[in-house]
A.B. asks: 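Pasting a structure here, questions to come.
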Amino acid sequence: MTQALGTARSSAAVIDAVVHESIQALGARSGAVALPSADGQALNISTTFGYDPAALARWHTLPLAETTPVTEAYRRRTPLFIETGQGAIMDYPVLKTALRDFSGSLAVLPLIVNDQTLGVLMLSFPQERVFPETERLFLHSLAGQCAQALQRSTALEQAERLNEQLSFLARAGEVLNSSLNLDETLESVARLLVPRLTDWCAIYLPSPDRRELLPVTVVHQDEAMVGFLRRFIERNPVELTQENGSGRVFLTGTPELVPIITDEMYDSIPQSDAWKDDVRRLQLRSVITVPMHADGRVVGVLGLARTSLDQLYGQEDVTFALEVAGRAGYAVENARLYRQAQQEIGQRQSAQQELNRVNISLEERVQERTRDLNEVNRELEAFTYSASHDLRTPVRHVMSFADLARQALDHSQPEKVSRHLEVIRQSALRMNALIDGMLKLSQMGTQAFNLQVVDAQLLVRQAQQDVLLDFPDRRVRWELGQLPQLWGDPSMLQQVMTNLISNAVKYSGVREVSDVKVWAEERERDWLISVRDNGIGFDPRYAGKLFGVFQRLHSQQQVAGVGVGLATVRRIVLRHQGHVFADGAEGVGATFSFSLPKPPP
C-alpha cells in the first residue's frame with residue numbers, strides 16, 4: 001500500500017490505489033471513496049470498485065444532512081465498523097432497500113490529516129465478521145496513510161493547476177493585447193480555455209438596447225454542440241433581469257457558482273419538458289458565471305461549464321475565472337474605444353466626402369443653372385419674337401377688320417359686319433391661345449420637381465384616355481411595346497407623353513385610321529421612348545425648328561395649333577437631363593423620341 005501510494009501523482013491515482021489495494025489486502029468484496037462537494041454540503045462518490053453501478057446511482061451524492069454510515073463517519077470524524085447487515089439496517093433505516101440482500105460487514109473510515117477531513121473510505125465485506133482491535137488499528141492506519149497521500153497529491157495538483165493557470169493568464173494577456181478585433185480576440189481566449197480548463201466557454205455582451213445578453217463567443221470541443229447552444233439561446237434569449245443567472249451577474253457584478261447540477265435539479269425547474277431535454281443535452285454539471293469588469297463597470301459576462309461530475313468547480317476556480325474575465329473586460333473596453341475612434345474617423349471622412357460631394361453637386365447645379373439660364377434666354381428671345389410677330393399678327397387682324405366692320409355698319413352691310421366680327425373673334429382666340437402657351441411654357445421652368453420611379457405603361461394609358469376625349473371621332477390603331485420604369489417627375493412626364501401621342505393622332509387626322517406606335521429602346525445609360533404616326537409628316541430639313549416656341553411647319557388650315565406642345569416637351573426633357581429627337585418625311589408620318597437617364601440603383 002505504501003509503495004502504491006508513493007507512486008501516485010494525482011488524487012485520482014491515490015484513491016484508486018487505496019480502493020484496489022485495500023480490497024486486495026483485506027479480502028473485501030467492494031469499496032468506494034467519497035469526497036466533499038465544492039459547496040461542502042454533500043459527499044460525492046469519487047471512485048468505486050465491485051459495486052453494481054445501477055444500485056449505486058441513488059447514492060452517488062450523499063447530502064450531509066442525511067444519516068448514512070458515510071456521512072456520519074465524516075461528520076463525527078470517527079471510524080464506523082458495522083459487523084452485520086441487519087445491524088446496519090437497524091442503525092440506518094435509509095439503507096433498508098439498498099441492504100435488503102446484504103449479509104456482510106462494513107468498514108467506514110474518515111480520511112483525516114492535520115485535523116482536516118478530506119473524505120471517507122468505505123469497504124464492504126461479503127460475510128459478517130468481527131473487526132478485532134488489531135485490524136481496526138490497521139484500517140485506521142490505512143486511512144491515515146491514504147489521507148496523507150491524498151493531501152500531498154491534492155497539493156501537487158493545486159500547484160500544477162496554479163502553474164497552468166498562470167501560464168494561461170500570461171498567454172491570454174498576449175492574445176488580448178495582440179489585436180483590437182473584439183470577436184477574434186474573445187474567440188482566441190475561449191479556445192485557450194477549452195478544453196484545458198473547461199468544457200464550455202461562453203462570453204456574453206449586452207445588446208444595443210441593453211435588454212438582452214448576446215453570446216458573441218461560444219466554444220466547445222464539438223462544433224455541433226456550439227450550433228445547438230446558439231439555437232437554444234435564440235429560442236430562449238438571455239434577458240437582463242434578476243431572474244436570469246447571467247443577467248443577474250451582469251446587473252449585480254457578483255460572480256455565481258453552481259458547483260454541481262444533478263438531474264433532480266433539472267426536474268425541479270419550472271420549464272417545459274422540451275426545454276429540460278435541451279438543457280440535459282448540453283450536459284452542464286458544474287457552472288461558473290462571472291462579470292467582466294472594465295473601469296469600474298460591468299461590460300460583459302463570462303460563463304464556464306464542466307460536463308462531468310468528476311470535474312466540479314470550486315471557489316478557487318471562481319477566483320481564476322474572475323482573473324480571466326477581468327482581462328477580457330479590458331479587451332472589450334479597448335475594442336470599444338478603438339471602434340469608437342474608428343467610427344469618429346469614419347464620420348470625419350464621411351463628412352469630408354459629403355463636403356466634396358456638395359461641392360461637386362454645387363458645381364453641377366451651377367452648370368445646370370447656367371444651361372437653364374441659356375435656355376431661358378433662348379426662350380426669352382422666342383417670346384420677344386412672338387410678341388413682335390406672332391402676337392402682333394392677330395392684333396393687326398383685329399384692328400383691320402374692326403375698321404372694315406365699322407365701314408360696313410356705315411353702309412348698312414350686316415353680312416359683311418358679321419364676317420368681319422367672326423375674323424376678329426378668331427384672331428382674339430388665336431391671340432389668347434398664344435398667350436396661354438407663353439404662360440404655360442414660362443411656368444415650366446419654376447414648377448416643383450419631384451423625382452421618383454414612374455411606370456411608362458401608366459403614362460401611355462393616361463395619354464390614350466386624354467386623346468380619346470379630345471378626338472372622340474377618330475379611329476386609332478394602337479401598337480404598344482413593353483415600356484420600362486422611368487426616373488422623373490410623374491406629372492411632367494405625363495405632359496410629355498400626352499403631347500406626343502396627341503400630336504400623333506392630330507397630325508394623322510388626314511388618314512382614315514390613325515396608326516400610333518409607342519415603344520422603348522434600352523441603351524447603356526438611358527431609355528429612348530419613341531412615338532410614331534402615319535400622318536402628314538414634315539420636311540426633315542426643318543426638323544430643328546419643331547421644338548422651338550411657336551415654330552410650326554404646317555398652316556392652321558392644315559392642322560390647328562400654336563406651336564407650344566413640342567417646346568414644352570423639350571423643356572421638360574431637358575430638365576430631366578434628357579434629349580429630344582424628331583424624324584420624318586412629308587406624307588409618310590413622323591417619329592418623335594425622347595431619352596431619359598435610367599433610374600438610380
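Fair warning: this is a prediction, and the values are worked out from it, not measured in the lab.
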A.B. asks: Salt bridge check: are Lys598 and Glu522 linked by an N-O gap of less than 4.0 Å?
C.D. replies: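 Glu522 and Lys598: salt-bridged.
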
A.B. asks: So, Tyr204 and Glu212: side-chain donor and acceptor under 3.5 Å apart, yes or no?
C.D. replies: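 No.
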
A.B. asks: Which value, rounded to the nearest 0.5 Å, describes the distance between Arg231 atom CZ and Asp278 atom CG?
C.D. replies: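 Here the interatomic distance stands at 9.5 Å.
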
A.B. asks: Quick one: closest heavy-atom pair of Cys201 and Leu193, and the distance?
C.D. replies: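 Nearest pair, atom of Cys201 first, then Leu193: SG-CD1, 3.8 Å.
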
A.B. asks: Would you check, one step at a time, whether the test side-chain contact (heavy atoms from CB on, under 4.5 Å) holds for Arg248 with Glu256?
C.D. replies: CA-CA 9 Å; Arg248 184 168 55 251; Glu256 293 187 2; 2.6 Å; yes

A.B. asks: Should the pair Arg29 and Phe125 be classed as cation-pi, given the thresholds of under 6.0 Å to the six-membered ring centre and 45° from the axis?
C.D. replies: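 Verdict for Phe125: no cation-pi partner in Arg29.
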
A.B. asks: Does the side-chain hydrogen bond (donor to acceptor under 3.5 Å, both in side chains) test come out yes or no for Ser37 and Asn44, once each step is laid out?
C.D. replies: CA-CA 6 Å; Ser37 61; Asn44 298 322; 4.8 Å; no

A.B. asks: To the nearest 0.5 Å, tell me how far Gln494 CD sits from Leu458 CG.
C.D. replies: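 The CD atom of Gln494 sits 9.0 Å away from the CG atom of Leu458.
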
A.B. asks: May I ask you to decide whether Arg191 forms a salt bridge with Glu223, counting only side-chain N to carboxylate O separations under 4.0 Å?
C.D. replies: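 Yes, charged N to carboxylate O under 4.0 Å.
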
A.B. asks: Out of curiosity, Ser207 OG to Leu213 CG, how far, rounded to the nearest 0.5 Å?
C.D. replies: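 The distance works out to 7.5 Å.
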
A.B. asks: What's the shortest heavy-atom distance between Phe81 and Leu139, and which atoms?
C.D. replies: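 So the two residues come closest at CE2-CD1, 3.5 Å.
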
A.B. asks: If only side-chain N and O atoms count, and only distance matters, is there a donor-acceptor pair under 3.5 Å linking Gln352 with Asn356?
C.D. replies: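 A pair is found: one side chain offers a donor N or O, the other an acceptor, under 3.5 Å apart.
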
A.B. asks: To check you understand the geometry: which heavy-atom pair defines the closest contact between Leu302 and Val324, and what is its length?
C.D. replies: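 Distance-wise, the nearest heavy atoms are CD2-CG1, 4.0 Å.
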
A.B. asks: Kindly compute the distance separating CE (Met122) from CG (Leu80), expressed to the nearest 0.5 Å.
C.D. replies: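 Interatomic distance, Met122 CE to Leu80 CG, rounded to 0.5 Å: 11.5 Å.
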
A.B. asks: Give the minimum heavy-atom separation between Asp199 and Ser308, together with the two atoms involved.
C.D. replies: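 Distance-wise, the nearest heavy atoms are OD2-N, 4.5 Å.
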
A.B. asks: For the residue pair Gly119 and Leu35, what are the closest heavy atoms and their distance?
C.D. replies: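 Where Gly119 meets Leu35 most closely, the heavy atoms are CA-CD2, 4.2 Å.
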
A.B. asks: Using atom types as modelled and distance alone, determine if a side-chain donor or acceptor of His293 lies under 3.5 Å from a backbone N or O of Ala325.
C.D. replies: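 Not at all, since once roles are kept as given, no pair shorter than 3.5 Å links the two residues.
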
A.B. asks: Calculate, to the nearest 0.5 Å, the distance between atoms CZ and CE belonging to Arg575 and Met492 respectively.
C.D. replies: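 If I round to the nearest 0.5 Å, the distance is 4.0 Å.
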
A.B. asks: Is there a side-chain contact between Val120 and Leu109 (heavy atoms, below 4.5 Å)?
C.D. replies: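 No, side chains not in contact.
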
A.B. asks: Which atoms form the tightest heavy-atom contact between Leu43 and Thr71, and what is the distance?
C.D. replies: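 Of all heavy-atom pairs spanning Leu43 and Thr71, the closest is CD1-CA, 4.1 Å.
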
A.B. asks: Between Glu234 and Arg230, is the closest basic N to carboxylate O distance under 4.0 Å?
C.D. replies: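 Salt bridge flag = no for Glu234 with Arg230.
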
A.B. asks: Evaluate the side-chain contact (heavy atoms from CB on, under 4.5 Å) criterion for residues Leu111 and Thr117: first the C-alpha distance (whole Å), next the side-chain angles of each, then the deciding distance (0.1 Å), finally the verdict.
C.D. replies: CA-CA 6 Å; Leu111 305 177; Thr117 306; 5.9 Å; no

A.B. asks: How long is the span from the CZ atom in Arg357 to the CG atom in Leu362, to the nearest 0.5 Å?
C.D. replies: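 So the CZ of Arg357 and the CG of Leu362 are separated by 11.0 Å.
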
